[in-house]
Peer 1: 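Starting off with a structure, shown below.
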Amino acid sequence: MNTKAIAINKQSWEEAAPRFYGRNPLPEYGPLAPTEDELQLLGEVEDKRVLDIGCGSGHSLKYIKNKLAGELWGLDLSHSQIEAARNLLSDDHVRLFESPMEKNPGIPEGYFDIAYSIYALGWTTDLHQTLANIYSYLRPGGIFVFSWEHPFYNRVYQKGEDLLLKQSYHKEGPYDHEAWTYPAIMQQFKVSTYLNALIKNGFMIEQVVEEVRLSEEDVERHTGRWYSFDKANYLPTTLIVKARKGKAVS
Ligand SMILES: C[S@@+](CC[C@H](N)C(=O)[O-])C[C@H]1O[C@@H](n2cnc3c(N)ncnc32)[C@H](O)[C@@H]1O
């Protein structure tokens, strides 16, 4: 875990939190991406123990709460985000941790039916450790679903009607995101790196989604923005993966 990068990102998120309040939470997996209502990746949530990694302002947890989950747990690096989630959920039974996802702040192991992470995993400074943690939190047969900006999306930029390849897709590692105002360090991983890291940590991959959903109302909403209608006509905005912890062999 890179403590220096985490400290920079924590500071950045304390400042950015109000700007991201309730932005693209579940049922959305990301801008211009298919939603949970359509994909049904989480399955039946009622009475399930659910954990949100990088829960932000808590709006995804609220969606899960409305589906009558049995237990709600969340983790986020930012104090402001955890406070926002606490206020939004106003429920003493929701357990929230202010912590980097790279370490376990006291989350029980072998416990959760469902873990998910919406647009947060690309912030981790240690993908393998983070996935090992998530694997350990799940019960055998439990599922993990994550979404993140598609790794090809920020490689390409739009100039007029042309789409130009700006950086090599092969290049991985820390980078400053072009659309980010405050100093912050995100991580670039290829699609195969995400999938292989899941496999190496013992997950079975059940579904990979790269589709976009473009409706007429999105033309206006997504013109001249980072997630642009034109670009999404050619490229996925969001990578969504569903994986499962293998059942214990007796
Ligand atoms: C785009 S927001 C997530 C939104 C949220 N998942 C939702 O559904 O509304 C990304 C979140 O990742 C958190 N984050 C960044 N780095 C992190 C880390 N290393 N560990 C845990 N959370 C982190 C940020 O504080 C921020 O709240």
Side-chain angles (χ1 to χ4, degrees), residues 1-31 33 35-37 41-42 45 50-67 69 72-89 94 96-107 114-134 137 144-150 153-154 174-177 179-189 226-227 237-240:
M1 145 168 150
N2 181 334
T3 46
K4 200 170 160 200
I6 288 173
I8 291 169
N9 290 345
K10 185 172 171 69
Q11 179 60 32
S12 191
W13 270 103
E14 301 310 353
E15 289 170 301
R19 206 157 52 90
F20 280 84
Y21 187 79
R23 192 179 307 181
N24 297 114
L26 281 175
E28 291 188 53
Y29 278 110
T35 65
E36 170 61 12
D37 293 340
L41 298 177
L42 301 175
V45 168
V50 184
L51 171 65
D52 185 330
I53 303 291
C55 64
S57 53
H59 288 77
S60 291
L61 278 170
K62 182 145 192 164
Y63 168 85
I64 296 291
K65 183 179 174 182
N66 291 342
K67 292 200 167 280
L72 292 175
W73 297 60
L75 167 156
D76 199 281
L77 179 64
S78 153
H79 181 74
S80 314
Q81 294 284 60
I82 288 293
E83 281 307 297
R86 224 183 279 289
N87 289 334
L88 179 78
L89 296 159
V94 182
L96 297 170
F97 295 89
E98 181 185 327
S99 167
M101 62 180 93
E102 292 88 334
K103 69 176 201 193
N104 181 349
I107 296 172
I114 300 169
Y116 67 84
S117 182
I118 309 299
Y119 263 68
L121 198 59
W123 286 96
T124 183
T125 60
D126 190 335
L127 182 62
H128 279 280
Q129 187 58 55
T130 299
L131 293 178
N133 293 347
I134 294 168
Y137 304 147
F144 174 50
V145 177
F146 81 86
S147 68
W148 180 250
E149 183 177 272
H150 194 284
Y153 192 81
N154 71 8
Y175 71 102
D176 293 326
H177 198 295
W180 198 252
T181 326
Y182 309 101
I185 299 158
M186 283 178 232
Q187 306 293 324
Q188 179 77 13
F189 304 114
W226 173 255
Y227 293 105
T237 58
T238 304
L239 172 68
I240 308 168

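Whatever order the structure lists ligands and atoms in, that order sets their numbers, starting from 1. Residue numbers run from 1 in the order of the sequence given.
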Peer 1: Could you give the distance from CZ (Phe97) to CG (Leu75), rounded to the nearest 0.5 Å?
Peer 2: 8.0 Å
Peer 1: Say whether Tyr29 and Glu36, considering side chains only, have a donor N or O and an acceptor N or O under 3.5 Å apart.
Peer 2: yes
Peer 1: Taking only heavy atoms of Ser78 into account, list the atoms of ligand 1 that are under 4.0 Å away from them.
Peer 2: 25 (O)
Peer 1: For the atom pair CE (Met101) and CD (Gln129), what is the distance rounded to the nearest 0.5 Å?
Peer 2: 12.5 Å
Peer 1: Taking NZ, NE, NH1 and NH2 as the nitrogens, is one of them in Glu98 or Arg86 under 4.0 Å from a carboxylate oxygen of the other?
Peer 2: no
Peer 1: Heavy atom of Pro100 under 4.0 Å from ligand 1?
Peer 2: yes
Peer 1: Counting heavy atoms only, name the option from Ile6, Ile82, Asn9, Leu77 that's nearest to atom 14 (N) of ligand 1.
Peer 2: Leu77
Peer 1: Can you measure from OG (Ser78) to CH2 (Trp123) and round to the nearest 0.5 angstrom?
Peer 2: 10.5 Å
Peer 1: Would you indicate which of Tyr63, Trp13, Tyr21 comes nearest to atom 2 (S) of ligand 1 when only heavy atoms are counted?
Peer 2: Trp13
Peer 1: Is Leu26 close to ligand 1, meaning an N/O of one under 3.5 Å from an N/O of the other?
Peer 2: no
Peer 1: Considering only heavy atoms of Ala120, which atoms of ligand 1 have at least one such atom less than 4.0 Å away?
Peer 2: 12 (O)
Peer 1: Taking the side chain as everything from C-beta on, heavy atoms only, tell me whether Asn133 gets closer than 4.5 Å to Ile53.
Peer 2: no
Peer 1: Pick, from Asp76, Thr125, Ile118, the option with the minimum heavy-atom distance to atom 3 (C) of ligand 1.
Peer 2: Ile118
Peer 1: For a 4.5 angstrom cut-off between non-hydrogen side-chain atoms, does Leu127 reach Gln187?
Peer 2: no
Peer 1: Using a 4.0 Å cut-off to any heavy atom of Gln81, which atoms of ligand 1 qualify?
Peer 2: 26 (C), 27 (O)
Peer 1: What do you reckon, does Ser57 have a nitrogen or oxygen under 3.5 Å from a nitrogen or oxygen of ligand 1?
Peer 2: no
Peer 1: Does the gap between the ring centers of Tyr153 and Tyr227 come in under 6.0 Å?
Peer 2: yes
Peer 1: Do the side-chain N and O atoms of Asn87 and Glu83 include a donor-acceptor pair separated by under 3.5 angstrom?
Peer 2: no
Peer 1: Can you confirm, on distance only, whether ligand 1 has an N/O atom lying under 3.5 Å from any N/O atom belonging to His59?
Peer 2: no
Peer 1: Just jot down the ligand 1 atoms closer than 4.0 angstrom to any heavy atom of Glu102, in number order.
Peer 2: 18 (C), 19 (N), 20 (N)
Peer 1: Considering non-hydrogen atoms of the protein only, which is the closest contact for atom 20 (N) of ligand 1, and what is the distance?
Peer 2: Met101 N, 2.8 Å
Peer 1: For ligand 1, is any non-hydrogen atom under 4.0 Å from Ser117's backbone (N, CA, C, O), its side chain (CB onward), both, or neither?
Peer 2: neither
Peer 1: Under 4.5 Å between any side-chain heavy atoms of Tyr116 and Ile134, yes or no?
Peer 2: no
Peer 1: Quick one: which ligand 1 atoms are inside 4.0 Å of a heavy atom on Tyr119?
Peer 2: 1 (C), 2 (S), 3 (C), 10 (C)
Peer 1: Please compare Ser60, Gly54, Gly58 and report which has the shortest non-hydrogen distance to atom 5 (C) of ligand 1.
Peer 2: Gly54
Peer 1: Near Cys55, which atoms of ligand 1 are under 4.0 Å from a heavy atom of that residue?
Peer 2: 5 (C), 7 (C)
Peer 1: Give me the residue, atom name and distance of the protein heavy atom closest to atom 16 (N) of ligand 1.
Peer 2: Trp123 CB, 3.3 Å
Peer 1: Does atom NZ (Lys103) have a neighbourhood of more than 12 heavy atoms from anything else shown, all under 6.0 Å?
Peer 2: no
